[in-house]
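Any value given below was found using the heavy atoms of this structure, including those in side chains, with hydrogens, waters and symmetry copies removed.
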Amino acid sequence: MNIRDRPDLPDDGQPPSADLLAGEYVLGVLDADQRADVERRIVSDPGFARLVTQWEHRLAPMLDAMGSEAVPAHLWPRIRTSLGWSSVSTHAPRAWQRTGFWQGMTALAAMVALVAVLSRGDLEPVAPVPTPVAVTPTAPPTPAEPEQATRPVTPLLHDDGSPGWLASVDKAQGKVLMVPVPTAADAAGRAPELWLIPAGGTPRSLGLVSINRAHTVTVPDALRDALVNGSVLAVTLEPAGGAPQGVPTGPIVAKGDIATL
């Protein structure tokens, strides 16, 4: 299932953006026909090929952190056949084909949701560069997709290294997009609360966060300057109404250093 099949995300009836399609390709969520179309476009459209490369570089650190395990030689052909592909790949392996991808499928499912939200209205569209007028008749150049601004993702990790949330920080707008890796509610009825911790400072509450749906957290103007490298985002378990007096009382269940452009 790809991003456009998700019933919980709005559908504006428009084809997916080039950046979204490139992300789906790298994540490996396209069907066989869609993958074939994308691979032809990679060859013919240099701008689109750059978007694919950018997604591979963006996800590579997460795949490296997941590590890898030896896979029996017979397993990959079975997986490829079950997906409707040829049992033997005729292309050089890409980052998404590494075994770390399959180990991290749950985290990357959350990444897919993050890509969808960022690609459907959270980014300002970039106008294409007009084609220059040729002095002499020449074959028209292959149109290149305009590069879109992207924001890095900050994984908020549990103590065992598994991701609990993925956060994308937009300092200019004062917003943090939070995408949870869905999990069960706390047995004691406590709620997850997000904290911004400046370097050498005290935790400041950004409010309660969801454990099963992506949503945007608005950061108060007074705290925007702390949305920089060196600060930390952390999630604690607090009473259902939030931490009393705005001071964390429960255990930290996930945290991560802020990554910004």
Side-chain donor/acceptor of [X] to backbone N/O of [Y], under 3.5 Å:
X	Y	result
Glu193	Ala243	yes
Ser231	Ala226	yes
Arg190	Gly250	no
His158	Ala254	no
Gln34	Asp31	yes
Trp165	Ser210	yes

To the closest 0.5 Å, what do you measure between [atom1] ([X]) and [atom2] ([Y])?
X	Y	atom1	atom2	result
Leu196	Arg224	CG	CZ	12.5 Å
Leu223	Ser205	CG	OG	9.5 Å
Asp19	Leu51	CG	CG	5.5 Å
Thr154	Asp257	OG1	CG	8.0 Å
Trp195	Arg204	CH2	CZ	10.0 Å
Leu233	Lys255	CG	NZ	12.5 Å

Quiz prompt | Minimum-distance pair of heavy atoms, taken over all atoms of Pro220 and Leu206 | solution = CD-CD2, 4.0 Å

